[in-house]
Every structure is written in structure tokens, then in C-alpha cells.
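Numbered from 1 within each chain, the chains take letters A, B, ... in sequence-line order.
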Amino acid sequence: MMQTVRVQLFARFRDLFGADLIEVKVNAPATVRELRDALVSRNLGPTALLTRSRIAVNNEFAGETTPVSAADEIALIPPVSGG
Amino acid sequence: MIELTRDPIDFQALTERVRRPHCGAVVLFLGTVRDLTGAQVTVALDYEAYPGMAEKKMAEIEADVRRRWPVGEVAMIHRLGHLEVSEISVAAAVSCPHRAQAFEACRHAIDRLKELVPIWKKENWADGTSEWVHPSAESGTRNAE
């Protein structure tokens with residue numbers, strides 16, 4: 001069974017996709033690792049930057065085994081540069 | 001006290017805000033827009049945040065600083081939007097009874113902010129091009145300040 005999760009985009013990713021939110025189909029249930037693989041395999045951006053980016057689930061940096069679902073607030077966090 | 005703002009940062013008001021009678025030391029850090037990165041000339045920066053998470057991370061850093069040092073008050077403000085060279089992008093102010101504590105606590109606050117808070121800057125170079133800054137491990141040193 002598949003589910004559609006929504007991923008918020010920022011900075012270079014938002015410019016690349018011309019959108020601040022994308023929908024990604026992943027298995028249900030799925031983990032952060034599976035979501036990352038889905039992003040890479042669908043050519044959603046430069047693989048090197050994707051690999052260096054973190055994924056946040058519900059406003060917290062998530063580990064690779066953290067589950068993701070359609071109900072979660074998910075964001076792709078490229079390396080930060082505030083300050 | 002933490003804040004994201006699109007308005008200019010009033011660092012004098014911020015400094016006053018952390019002063020306490022029992023604190024003999026106040027340390028203020030200001031990050032300002034620098035005109036040179038290596039040989040490249042910056043004319044302006046654009047900052048954006050993932051606001052909800054940025055505020056959450058800043059609040060966690062504030063709590064961490066309070067746990068680790070005898071802080072009278074700690075305040076961090078990050079500005080968002082378009083900033084010209086020399087404008088203040090970030091300010092951190094900490095008061096403690098003594099100066100060593102205040103320096104350490106303020107250093108910790110700004111270091112963690114730069115490491116953990118989802119805020120990004122876009123360089124607008126003098127040649128008209130622009131690029132988001134996403135430091136890699138290798139370029140981390142060059143982009144560290």
C-alpha cells in the first residue's frame with residue numbers, strides 16, 4: 001500500500017522545484033530512509049545535496065529509521081547557513 | 001527570549017533587556033553582512049527560515065544555555081529577508097555574574113544557532129549572480145563565519 005507524504009522545501013530546493021511543497025509517494029508505512037531514497041530515485045534535485053540534507057519530522061531532525069506518514073509535517077533541510 | 005524578525009535588529013535594546021543587577025558581565029555577539037567571501041564580493045544577502053522549527057531550535061538552545069551557565073538572561077534574534085552589507089543578521093546577548101561564563105555562554109549560543117537552526121542565506125554577488133549557501137563539510141570552514 002502506498003501513501004502520499006508532503007515535504008516542505010526551502011532555499012536551493014525550493015528554487016530548483018519552483019515550489020515550497022512537494023508530494024512524494026512512498027510505501028505505508030515508510031521510514032525517513034525510504035523517503036530519502038524516493039526523493040533520490042525521482043531525480044528530485046541534486047543527489048549530493050540531498051545526501052547532505054537532513055529530514056525533519058514534526059519540527060525535529062529525524063533519524064533514518066523514523067517513520068513518516070501523511071499526517072506528519074515533513075521538511076527537507078539542506079545544510080543550514082544562518083548567522 | 002528568542003525571535004525571528006524582518007525588521008532591523010535593535011541591539012542596544014536587546015543588550016538592555018538582558019542586564020541584571022546580579023550579573024556583572026554582559027556579552028553581545030553581532031553577526032553582520034560581510035562584503036567579501038574569499039575573492040567574491042557580496043552586495044546583499046537574503047535570509048529565509050523554516051519558521052516553526054527555527055523558533056523551536058532557538059528555544060532549545062536558550063534552554064541549553066540556561067542549564068549550563070548561571071545565566072541572568074539570554075536573548076537571540078535572527079533577521080530574515082533582504083540585508084545589505086554591514087546590516088546585522090543575528091544578535092545574541094547573555095548576562096552572567098562573571099565574564100568567563102558570559103563569554104562561554106554567548107559563544108555556545110551563536111555556535112549552536114549556526115549549526116542547528118534551519119535558516120539559510122542566499123549570496124547576491126557583485127556580478128549579478130546569486131546562490132544559496134549550503135556548506136559542505138569541506139567548505140564548512142570557509143562558510144563558518
Taking all heavy atoms of [X] and all of [Y], pick out the closest pair and write down the distance.
X     : Y      : value
A:L49 : B:H134 : CD1-CB, 3.9 Å
B:Y50 : A:I77  : CD2-CD1, 3.7 Å
A:A56 : B:M53  : CB-SD, 3.5 Å
A:V80 : B:P135 : O-CD, 3.4 Å

Most contacts with chain A, counted as non-hydrogen pairs under 4.5 angstrom, among B:E115, B:K57, B:E60: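 The answer is B:K57.
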
Tell me every residue that passes salt bridge (charged side-chain N to carboxylate O under 4.0 Å, His left out) with B:R67, counting only those two or more places apart in sequence or in another chain.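 In terms of salt bridge (charged side-chain N to carboxylate O under 4.0 Å, His left out), with neighbours along the sequence ignored, B:R67 is linked to B:D64.
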
Would you kindly confirm whether [X] and [Y] end up in one hydrophobic cluster when ILVMFWY residues are joined by side chain heavy atoms under 4.5 Å apart?
X      : Y      : answer
B:V27  : B:I61  : no
B:L116 : B:I119 : no
B:L80  : B:L30  : no
B:I77  : B:V90  : no
A:I55  : A:F17  : yes

Would you sort out whether A:E60 and B:K56 count as a side chain to side chain contact (heavy atoms under 4.5 Å, CB included), showing the intermediate values? CA-CA 9 Å; A:E60 191 54 66; B:K56 176 169 183 267; 2.5 Å; yes

Measure B:A91 against the heavy atoms of chain A and call it side chain, backbone, both or neither at under 4.5 Å.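 Neither the backbone nor the side chain of B:A91 comes within 4.5 Å of chain A.
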
Atom CZ of A:F61: over 12 foreign heavy atoms under 6.0 Å: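 Yes, the 6.0 Å shell around CZ holds more than 12 heavy atoms from other groups.
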
Just to verify, which of B:Y47, B:W120, B:W132 counts as forming a ring pair (Phe, Tyr, Trp, His ring centres under 6.0 Å) with A:F10?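 Testing each of B:Y47, B:W120, B:W132 against A:F10, the sole residue satisfying ring pair (Phe, Tyr, Trp, His ring centres under 6.0 Å) is B:W120.
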
Just to be sure I understand the criterion: a residue of residues 1-25 of chain B counts if one of its heavy atoms is under 4.5 Å from a heavy atom of chain A. Which ones qualify?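 If one takes a 4.5 Å heavy-atom cut-off, no residue of residues 1-25 of chain B lies near chain A.
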
